[in-house]
Amino acid sequence: MIEIKGLTKRFGRVTALDRMNCTIEEGSVFGLVGSNGAGKSTLLRILAGIYLPDGGEVHIDNMPVFENPVVKGRVFFVPDFPYFFPQSTLADMAKLYRRLYPSWDEAEYARLCGVFPLDISARIANMSKGMQRQAALILALATRPRYLLLDEVFDGLDPVIRQLLKRILSEAVGGQGMTIVIASHNLRELEDLCDHVGLMHKGGVLLEQELDALKLGIHKVQAAYMPMPPLEAFKELDIVKMDTRGSLVSLVVRGEREEILQKLSGMGPVFLEALPLTLEEVFISEMEAAGYDLDNILK
């Protein structure tokens with residue numbers, strides 16, 4: 001389990017993480033989403049033991065992370081721009097990792113080299129961004145980490161490899177009990193893979209919830225009224241966003257679906273429909289509620 005309490009990290013005058021609190025259960029796939037500069041990459045680097053927090057506590061399996069070899073042996077971090085030694089090949093990097101990680105699994109390494117279409121004797125520096133990311137993933141998964149931290153892991157991968165990766169990660173969670181934390185702007189991919197999600201903004205967590213419960217607790221509703229009821233009639237609803245165009249009203253509403261429809265039906269609509277939001281729509285709605293207004297950005 002990963003436990004984060006009051007976590008603060010500053011870079012000069014910039015506060016990247018501001019008294020953040022979060023819990024990530026063991027054996028889950030946790031998606032970190034948020035605005036640019038929300039602190040996602042900083043959080044992953046703290047979890048990996050790269051950065052020392054300026055305040056608060058971070059524990060993995062009830063142990064502090066920074067300068068703790070026991071914890072670091074259980075964690076593998078794949079950054080947005082993976083590092084490899086100059087002129088090295090995948091085979092060269094594997095030789096190094098065999099010495100560094102006691103949990104290195106030679107059979108898993110061989111299996112992954114057969115699954116991903118890479119030449120292990122080719123120089124990694126000459127590979128495309130997507131191929132370099134595949135090399136980093138092969139090395140990461142072959143170490144059999146208990147905690148795998150991934151930053152923008154889908155960036156540069158073609159659709160076939162993205163599907164392959166999601167299957168491999170799901171198998172690692174189900175078969176090995178691995179815990180995976182993924183920071184990504186590709187919400188469509190996270191929606192397929194994650195069971196929990198944390199929405200970050202300005203160095204903190206706006207919400208942390210099981211993905212299915214999150215999507216079921218917020219709805220997109222469209223209704224047509226003739227005539228349109230006064231806006232005060234909608235105040236009984238927990239509205240995140242509301243837009244009216246003529247006789248059509250579009251709402252993003254928190255709450256139980258049937259209760260929302262019942263209240264709107266009582267206003268006499270000629271048309272009424274409620275749909276669960278995608279993760280991307282939930283993200284946009286919550287960010288707008290937090291003051292990250294798309295309309296103002298585009299002006």
Side-chain angles (χ1 to χ4, degrees), residues 1-4 7-9 11 14-51 53 56 58 60 65 71-72 74-83 129-130 132-134 136-137 139-141 145-157 161-162 165-166 168-170 172-173 178-211 214 278-280 282-284 286-287 290 292:
M1 177 187 291
I2 299 174
E3 296 177 288
I4 301 165
L7 178 60
T8 298
K9 180 62 183 176
F11 297 97
V14 177
T15 300
L17 296 172
D18 188 10
R19 294 165 292 182
M20 176 183 174
N21 297 289
C22 184
T23 299
I24 301 174
E25 297 293 337
E26 191 172 351
S28 66
V29 183
F30 194 95
L32 282 175
V33 301
S35 53
N36 292 327
K40 302 184 295 297
S41 296
T42 298
L43 174 61
L44 292 182
R45 283 172 169 79
I46 290 176
L47 294 178
I50 298 171
Y51 291 161
V58 178
I60 295 180
V65 178
V71 174
K72 287 189 174 183
R74 302 178 183 181
V75 176
F76 199 105
F77 173 47
V78 179
D80 189 13
F81 298 96
Y83 174 78
K129 180 179 181 179
Q132 290 185 16
R133 195 170 299 281
Q134 292 175 55
L137 288 165
L139 296 168
L141 292 164
R146 290 183 61 177
Y147 296 90
L148 180 59
L149 313 176
L150 304 173
D151 195 358
E152 296 295 347
V153 66
F154 299 108
D155 190 19
L157 300 182
I161 298 299
R162 289 201 300 268
L165 175 60
K166 284 186 283 188
I168 291 173
L169 294 179
S170 297
V173 174
M178 186 184 296
T179 302
I180 301 176
V181 184
I182 307 177
S184 179
H185 289 105
N186 194 327
L187 303 188
R188 180 65 186 87
E189 304 295 352
L190 290 184
E191 192 169 13
D192 288 342
L193 185 61
C194 297
D195 48 49
H196 288 74
V197 65
L199 175 57
M200 295 184 64
H201 184 52
K202 294 184 177 179
V205 176
L206 289 180
L207 61 88
E208 169 198 340
Q209 199 169 355
E210 185 179 355
L211 182 56
L214 173 63
T278 65
L279 180 57
E280 182 170 338
V282 171
F283 169 74
I284 292 173
E286 293 290 347
M287 293 303 293
Y292 198 75

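No hydrogens, no waters, no symmetry mates; every other heavy atom, side chains included, goes into these values. Counting begins at 1 with the first residue of the sequence.
Formation of a donor-acceptor pair under 3.5 Å by the Asp151 side chain with backbone atoms of Ser41 is not found in this model. The backbone N or O of Asp18 sits nowhere less than 3.5 Å from a side-chain atom of Thr8 that would complete a donor-acceptor pair. Between the Arg133 side chain and the Pro82 main chain, no donor and acceptor come within less than 3.5 Å of each other. In terms of modelled atom types and a separation under 3.5 Å, the side chain of Arg162 and the main chain of Leu157 share a donor-acceptor contact.
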Exercise for review: Please step through side chain to side chain contact (heavy atoms under 4.5 Å, CB included) for the pair Leu199 and Val205, ending with a clear verdict.
Suggested key: CA-CA 6 Å; Leu199 175 57; Val205 176; 5.9 Å; no
Point to revise | side chain to side chain contact (heavy atoms under 4.5 Å, CB included) assessment of Leu150 paired with Leu137 | key: CA-CA 9 Å; Leu150 304 173; Leu137 288 165; 4.0 Å; yes
Check your understanding: Given Leu193 and Ser170, is the side chain to side chain contact (heavy atoms under 4.5 Å, CB included) satisfied, shown in steps?
Key -> CA-CA 7 Å; Leu193 185 61; Ser170 297; 3.4 Å; yes
Practice item. Any chance you could lay out the side chain to side chain contact (heavy atoms under 4.5 Å, CB included) test for Thr42 and Lys40, step after step, and finish with the verdict? Key: CA-CA 5 Å; Thr42 298; Lys40 302 184 295 297; over 6 Å; no
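Atom-to-atom distance recorded for Ile24:CD1 and Leu47:CG is 6.0 Å, nearest 0.5 angstrom. The distance from the OG1 atom of Thr23 to the NE2 atom of His196 is 10.5 Å, given to the nearest 0.5 Å. Atom CE of residue Met1 and atom OG1 of residue Thr179 lie 9.5 Å apart, to the nearest 0.5 angstrom. Distance CD1/Ile50 to CZ/Arg45: 6.0 Å, rounded to 0.5 Å. Note: Phe77 CZ to Leu44 CG = 5.5 Å, rounded to the nearest 0.5 Å. Remark: Arg19 CZ to Ile4 CD1 distance equals 16.0 Å, nearest 0.5 Å.
Using a 4.5 Å heavy-atom threshold, the side chains of Val197 and Leu32 count as separate. Residues Met200 and Met20 have side chains in contact (heavy-atom distance under 4.5 Å, counting atoms from C-beta outward). At a threshold of 4.5 Å between non-hydrogen side-chain atoms, the residues Val153 and Leu165 count as touching. Within the 4.5 Å cutoff, side-chain heavy atoms of Glu26 are placed close to those of Arg146. Within the 4.5 Å cutoff, side-chain heavy atoms of Lys166 are placed close to those of Phe154. Looking at Ile46 and Leu7, their side chains come closer than 4.5 Å, going by heavy atoms from C-beta outward. Two residues are said to be in side-chain contact when any heavy atoms from C-beta on lie closer than 4.5 Å; Cys194 and Phe30 fail this criterion. Contact check for Tyr147 versus Ile60: side-chain heavy atoms found under the 4.5 Å cut-off.
Between the side chains of His185 and Asn36, a donor-acceptor pair is found at a separation under 3.5 Å.
For Tyr51 and Phe11, the gap between ring centers is short of 6.0 Å.
Of all heavy-atom pairs between Ala140 and Leu148, the closest is CB-CD1, 4.0 Å.
Val29 pairs with exactly one of Leu190, Ile182, Leu169 by the side-chain contact (heavy atoms from CB on, under 4.5 Å) rule, that one being Ile182.
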